[in-house]
Amino acid sequence: MDKIVEQMTRAIAQRTSRRSFLARVGKVILGAAAIPLLPIDRVVRAADAAAGKLPKGIEDDTSCDYWKYCAVDGYLCTCCGGGSHDCPPGATPSPTSWVGTCRHPSDGRDYIVSYRDCCGQASCGRCLCARTEGEMPLYRAQLDSDLIWCFGAPTMMYHCSTAEIVGVKS
Amino acid sequence: MDKIVEQMTRAIAQRTSRRSFLARVGKVILGAAAIPLLPIDRVVRAADAAAGKLPKGIEDDTSCDYWKYCAVDGYLCTCCGGGSHDCPPGATPSPTSWVGTCRHPSDGRDYIVSYRDCCGQASCGRCLCARTEGEMPLYRAQLDSDLIWCFGAPTMMYHCSTAEIVGVKS
Amino acid sequence: MSTRVRSLVLLVAAILLVAAPRAQAQLPPDQMTSLALPEVGPGWIFVLDAGFPSTAAARVYIVDTGRLKVLGQVSGGYLSNFVLAPDHHEFYSVDTFYSRGWRGTRTDVVSIFDAKKLNFSGEVEIPPKRLLIVPKRDSASITPDGEFILVANMTPATSISVVDTKARKFVGEIETPGCVQAFPSGNRQFDSICADGSILTVQLDDSGKAKGKTTSKPFFDPGKDPVFDQPALVGSRAYFDSYYGNLYEVDLSGAEAKGAQPWSLITAADKAGKWRPGGWQTVAVEPKSGVLLVLMHQGGDWTHKQFGTEVWVYDLAQRQRVKRIKLKTQGYSIFATNADKPMLEVLDLQTSMQEGTGQLEAYNLTTGKFVGKLDELGSPFVIYGP
Amino acid sequence: MSTRVRSLVLLVAAILLVAAPRAQAQLPPDQMTSLALPEVGPGWIFVLDAGFPSTAAARVYIVDTGRLKVLGQVSGGYLSNFVLAPDHHEFYSVDTFYSRGWRGTRTDVVSIFDAKKLNFSGEVEIPPKRLLIVPKRDSASITPDGEFILVANMTPATSISVVDTKARKFVGEIETPGCVQAFPSGNRQFDSICADGSILTVQLDDSGKAKGKTTSKPFFDPGKDPVFDQPALVGSRAYFDSYYGNLYEVDLSGAEAKGAQPWSLITAADKAGKWRPGGWQTVAVEPKSGVLLVLMHQGGDWTHKQFGTEVWVYDLAQRQRVKRIKLKTQGYSIFATNADKPMLEVLDLQTSMQEGTGQLEAYNLTTGKFVGKLDELGSPFVIYGP
C-alpha cells in the first residue's frame with residue numbers, strides 16, 4: 001500500500017508544477033516513516049454484493065451509489081457541471097487528495113481511488129454524498145474525508161468532490 | 001395616513017443622531033410630494049376573523065400568526081434571541097423601516113406597525129415568516145418588505161425582523 | 001471525452017464484463033481536468049439561488065433545460081444579481097461583499113467571468129449603494145449592445161450605476177428620484193418604474209452618462225391596481241401583470257414610454273373563483289409562439305406572493321386565454337424557453353425558503369404536459385434567459 | 001422590559017380585553033432596543049451550525065437548554081470554530097474569510113465578542129493556515145486560565161497558532177508534525193493526537209511559546225481500532241471512544257500523556273447485534289453524575305458516521321453500562337449538561353445536511369425521557385459547553 005500511495009504522490013507531482021510544495025506534502029502527510037498507512041485489508045468494498053444484487057446507482061456517476069464513490073464525502077461534481085473525475089467549469093482540481101479503495105462491480109478488481117476536491121468556486125450544494133469506507137479520523141489526515149482537500153490549489157474554497165482512479169490495488 | 005408616516009419619521013429621527021441622513025430618507029422615501037402613499041383602506045387586517053375564531057398563534061410573538069406580524073417578512077427576531085420589537089444581542093435596530101397596519105385581535109383597533117430589521121449580524125435563519133398584507137412592489141419602496149431595511153444602520157447586513165407599534169390609525 | 005461518452009464507455013464495458021468477468025483489461029487511470037462550457041444554447045437558463053438562509057452566498061446555476069442538467073455555476077455574494085453579455089462571451093455577477101463575510105467593509109463590484117471556462121477575469125468596483133433586496137430581475141441589466149451594465153442603487157435614494165464593460169470601468173451614477181430598476185430599452189437608453197405609476201426614460205451618451213430624462217404619464221394607478229415590478233421584457237416592449245389580474249403593455253422604444261390600454265387576464269367567473277396572479281417572477285412571454293404566461297392562484301386581497309397552482313397561457317395578438325397548465329408543484333417564478341419547442345420553466349421553493357430544496361419543473365407549452373424536473377437548486381428566485 | 005414580561009403583559013391585556021373589548025386604553029408605542037445576555041448559565045450550550053450548503057457562513061446558536069430557546073448568535077465565516085473564555089466574559093469565533101466571499105485574499109482571524117452584548121470588539125489576525133474541515137471540537141481551544149487560544153493549522157503540515165487573549169496578539173506558531181488538534185490540558189500545556197496513536201504534549205512558557213514537547217507511547221493502534229478524534233474532556237482527562245466500541249482514557253495532566261488500559265463499551269451480545277459508536281461528536285461525560293455517554297447504532301465496519309439510534313450511559317467508576325436511551329430522532333452529536341439535573345443534548349441533522357433543518361433534542365439523563373426539542377438550527381455539528 002505504501003508503494004501505491006507513493007506512486008500516487010509521484011503521479012500527482014508529475015501533473016503539477018508545484019513540486020516543492022508536493023514534496024513537502026508527501027513528507028508530511030504521506031511519507032511519515034514507520035506509520036502504517038491504510039487499514040486496507042479491512043476496507044469494506046462498495047461491491048461486496050457484486051455476486052448478488054448490485055445497488056441501483058452503481059454504474060451511474062451522478063448517484064451516491066456509484067462504485068467509485070465508496071469513500072467520497074461532499075457534493076458530487078457530476079451534479080455541478082463536472083464529471084466523476086472532472087471539475088466543473090471555473091473550478092480547479094486539487095493536486096492533493098485523500099484516497100480510498102473501491103471494488104469495481106463487474107471486474108472484481110480493487111481500484112485505488114483518489115478523492116480530489118474541485119476548488120475555487122463557492123460550494124455547489126447539490127448531490128451530497130457521504131460514504132465512509134476506509135475513512136479515518138483527522139490524525140490520519142490522508143484518509144480523512146472531512147478535510148477541505150484543496151491543499152496546493154490556488155484557493156481553499158471547496159466546490160465539489162470527484163473520484164479519480166489512480167491504479168489497481170496490487 | 002401621511003401624518004402618521006410623518007410622525008413616525010419624526011419619532012425615528014429623534015431616536016437617532018443621523019438626522020441629516022434621515023431627513024434625506026424622509027424626502028426620498030416617505031415625503032415624495034403628491035404621491036398617494038398607502039393603499040391603507042384596502043389593507044386586509046390580520047384579525048378580520050376577530051369576531052370569529054382567532055388563529056392559534058395570534059397572541060404568540062414567536063408565531064408567524066402573531067397579530068403584529070401581518071406584514072412582516074423575514075426571520076422573526078423572537079426566535080433569534082430578540083423580542084417582537086427588540087433586536088437580539090449583537091444586532092442593531094434599523095432607524096428606517098417599512099410600515100403596515102394590523103388590527104389588534106381584541107381591542108379591534110388598527111395599529112400602525114413599523115417593520116424594523118435588526119442589522120449587523122449574519123442572517124438568523126429561524127422562523128421565516130412572510131406575510132404580505134398591504135405589501136407593495138419596489139416602486140413603493142416604503143411598503144416593500146423584500147428590501148434589506150438597514151438604511152441608516154451601521155451595516156446593511158440583515159439579521160432578523162421585528163414589528164414595532166408606532167401608533168393607532170386615526 | 002465528455003462525461004456522457006465516458007459513462008457510455010463504462011456502461012459498455014460493464015455489459016462486456018458481465019459476460020466475461022475477468023477477461024478484460026483493468027480500467028486505466030483517470031485524467032483529471034476542468035471542463036469548459038459549450039456556446040450558450042437557446043434552451044439554457046440561469047437560475048439565481050439567493051442562498052437562503054445565509055443570503056450572503058448567492059449562486060447562479062447554469063441549466064440546460066433540454067437535459068434538465070446543471071452545467072456549471074457562477075458564484076456570487078450578498079443578494080447578488082446576474083447579467084449575461086448579449087454576445088454570450090461573458091457572465092457578470094453584481095455583488096456586495098463585506099471584507100469579513102458578514103462584517104467589515106462593504107464593497108460592491110461587478111464580477112466578470114469568462115463564459116466558457118467560468119474563470120473570474122476581473123471586477124469593476126461600483127459605489128457601495130446597490131439595491132439589497134431578495135433578488136429581482138432588472139435590478140441589474142445590460143444594454144442590448146453589451147456596452148453598459150446598469151445597476152440599481154438604493155440608499156434609500158434611488159439611482160443607477162453605469163459600468164462600461166469594454167473599458168471595465170465605472171462610468172458614473174444617474175439619479176432616478178422616486179423610480180427604481182433598470183429596464184434596458186435601447187443601446188443608449190433604459191427605463192425605471194416610478195412610485196406614481198409613470199416610467200422614467202433615461203437616454204445615455206456614448207460614454208454612458210445621462211443626456212436626457214423623460215417621465216411618462218402614469219400607465220397604471222399604484223393605489224388601485226399595482227403592477228408587479230418584474231415585467232416580461234421582449235425587445236423594448238414590457239408586459240406588466242397586476243395584483244388584480246390586468247395586463248399593462250408598455251412601449252419603451254421611444255424617448256417617452258407609452259402605456260397601452262390594459263386588458264384583463266381574468267373573466268368574471270375567474271374573479272368569482274378568486275383567481276389572480278401571484279408569486280415572484282409571475283409573468284413571461286414566449287415571442288416565437290406569441291404567447292404570454294401568467295402564474296395564477298386562488299386567493300383574496302394581498303395574496304400577491306402566494307405560490308401559483310396554474311400557469312395561464314394567452315394569445316398575445318388575440319388577448320385571449322388559450323390554455324391553463326396545472327402545475328404539479330406550486331410555483332413561484334416562471335420563464336419560457338424555445339430551443340426545439342416552446343417550454344415553460346417553473347421555479348418552486350417548496351415548503352420553505354430555509355430548506356434549500358428549491359427545484360425547477362419543465363412543461364411542454366404546446367401540450368401543457370409535465371416533462372421533468374431538476375431539484376436541489378437551493379432557494380431559487382429568478383430565472384434569466386440567454 | 002424583558003420579552004417574557006412583555007408577553008405576559010400583552011396576554012393579561014388580551015384577557016382583560018375579551019371581557020371589555022372597547023373599554024381599555026390603546027397599546028402604547030413600542031420602544032425598540034437591543035437585548036443583552038445574562039451571565040452564561042450552566043444549562044447553556046453553544047451549537048455550531050456549519051452553514052451548509054454554503055460552508056462560508058457558519059454561526060453559533062447560543063441555547064438555553066432549560067427553556068430550549070435560542071438566546072443569541074455569534075456569526076462566523078468559512079468553517080469557523082467557537083471558543084468560550086473560561087471566565088465567560090468573551091466569546092471567540094475562529095474564522096477564515098475571503099475578501100470577496102468565495103474568492104480573493106484569505107484572512108484568518110480570531111474574532112472577539114463581548115459576552116453580554118455580543119458586540120464585535122476586535123480581531124486578532126493569525127497565519128492563514130487554519131485547519132479547514134467540517135467543524136470539529138478542539139480545532140480551536142483555550143487554556144483553562146483563558147490566556148491563550150490555540151488554533152490548529154494544516155497546510156497540510158500541522159501546527160498550532162497561539163493567540164494571547166489579553167494582549168490580543170498572535171504569539172507564534174508551534175509545529176506539531178504528524179499530530180493534530182489542541183486539547184488544553186493546563187494553563188501552559190496542550191496536547192495533540194498523532195498518526196501513530198501517541199499523544200504529543202506541548203509545554204508553553206508565559207509568553208505562549210513552546211518550551212517543551214513530549215511524545216507519549218501510543219495509547220491505541222490506529223490500524224486496528226481507531227479512536228474518534230473528538231474525545232470528551234474533563235479537566236485534563238480525555239475519554240476517547242473507538243470505531244470498535246472501546247473506551248480509552250488518557251491522563252493529559254503530566255508532561256507525558258498516559259493512556260490507561262482500554263475497556264469495552266459493548267458486550268458479546270452487543271457485538272453480535274453489530275452495535276458500535278458512531279456519528280460526529282460521539283462521546284460525552286457528565287462529571288457530577290459520573291457518567292459517560294456514547295452515541296450508538298447498529299452497523300457493519302466503516303459505519304462510524306452513521307447516525308446513532310441510542311445513547312448508552314455508563315457508570316465511569318464501575319465501567320458498566322447503566323442505561324440505554326432510545327432516541328426519538330437519530331442523532332449525530334451528543335453533549336451532557338447539568339443545570340438543575342443531568343441532561344442529554346442530542347444534535348440531529350435530520351435527513352440531509354443540505355436542508356438546514358437540524359435540531360436539538362433534550363433527554364432527562366436520570367429517567368431517559370425525552371423532554372423537548374429546538375428546531376431550525378441549520379446544519380449543526382458541534383456542541384460546546386460553558
Side-chain angles (χ1 to χ4, degrees), chain A residues 21 24-45 48 70-71 73-75 90 96 100 120-128 130-152 154-159, chain D residues 51-56 78-79 96 98 101-104 106 128-136 138-139 152 154-158 177-181 192-198 221-230 240 243 278 280 300-306 352-355 381:
Chain A
F21 169 84
R24 188 150 154 258
V25 174
K27 221 168 20 199
V28 176
I29 283 279
L30 300 167
I35 302 167
L37 263 177
L38 259 173
I40 196 77
D41 295 332
R42 290 191 288 102
V43 169
V44 175
R45 285 86 182 184
D48 264 352
C70 73
D73 189 356
Y75 302 113
T96 57
Q121 281 253 31
S123 132
C124 153
R126 304 189 74 235
C127 297
L128 183 70
R131 288 175 63 183
T132 53
E133 286 142 33
E135 201 256 351
M136 288 284 280
L138 187 51
Y139 49 81
R140 286 288 174 90
Q142 75 279 18
L143 298 174
D144 186 319
S145 67
D146 296 303
L147 281 166
I148 302 298
W149 273 102
C150 293
F151 301 120
T155 144
M156 288 292 286
M157 186 54 56
Y158 168 78
H159 181 49
Chain D
F52 284 106
S54 145
T55 71
Y78 186 37
L79 298 166
T96 294
Y98 281 89
W102 61 276
R103 63 178 175 85
R106 174 179 172 177
K129 296 180 165 185
R130 57 179 286 267
L131 171 64
L132 294 171
I133 190 168
V134 179
K136 298 199 176 205
D138 313 311
S139 296
M154 188 177 281
T155 63
T158 51
C179 308
V180 295
Q181 303 292 72
S192 296
I193 182 167
C194 311
D196 65 350
S198 65
D221 182 344
K224 289 208 175 112
D225 185 27
V227 299
F228 289 89
D229 52 20
Q230 300 185 84
F240 291 90
Y243 281 23
W280 194 254
D301 283 354
W302 305 111
T303 61
H304 52 284
K305 281 184 183 161
Q306 198 165 302
S352 160
M353 270 177 252
Q354 293 179 279
E355 302 194 4
F381 276 81

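Treat the numbers as computed from the prediction; the structure is a model and nothing was measured. Below, chain A is the first sequence line, B the second, and so on; all start at residue 1.
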- Task: Just jot down the salt bridge (charged side-chain N to carboxylate O under 4.0 Å, His left out) partners of A:D146, sequence neighbours excluded, or say none.
- Result: D:K305
- Query: Could you give the distance from CD (A:E135) to OH (D:Y243), rounded to the nearest 0.5 Å?
  - Reply: 5.0 Å
- Return the minimal non-hydrogen interatomic distance between A:G134 and D:W302, and the atom names on each side. N-CD2, 3.2 Å
- Note on the structure: For D:P226 and A:M136 the tightest heavy-atom approach is CG-SD, 3.6 Å
- Message: Using a 4.5 angstrom heavy-atom cutoff, name the option from D:T55, D:L131, D:L79, D:V227 with the most pairs to chain A.
- Response: D:V227
- D:F228 side chain reached by A:P137 side chain, heavy atoms, under 4.5 Å: no
- Between A:D144 and D:K136, is any pair of side-chain heavy atoms under 4.5 Å apart? yes
- Working for side-chain contact (heavy atoms from CB on, under 4.5 Å), residues A:M156 and D:Y98: CA-CA 10 Å; A:M156 288 292 286; D:Y98 281 89; 3.4 Å; yes
- Query: Rounded to the nearest 0.5 Å, what separation is found between the OG atom of A:S123 and the CZ atom of D:F52?
  - Reply: 8.0 Å
- List the atom of D:I133, the atom of A:I148, and the distance in Å for their closest heavy-atom pair. N-CG1, 4.2 Å
- chain A shares the most heavy-atom pairs under 4.5 Å, among D:H304, D:Q181, D:R106, with D:H304
- Task: Go through the structure and list residues passing side-chain hydrogen bond (donor to acceptor under 3.5 Å, both in side chains) with D:T303, not counting sequence neighbours.
- Result: D:H297
- Are A:Y75 and D:P53 side-chain neighbours, meaning at least one heavy-atom pair lies under 4.5 Å? yes
- Query: Do the non-hydrogen side-chain atoms of A:L138 and D:M154 ever get within less than 4.5 Å of each other?
  - Reply: yes
- Message: So D:Y78 and A:M157, do their side chains get closer than 4.5 Å, heavy atoms only?
- Response: yes
- Query: Where does D:C194 contact chain A at under 4.5 Å (heavy atoms): side chain, backbone, both or neither?
  - Reply: backbone
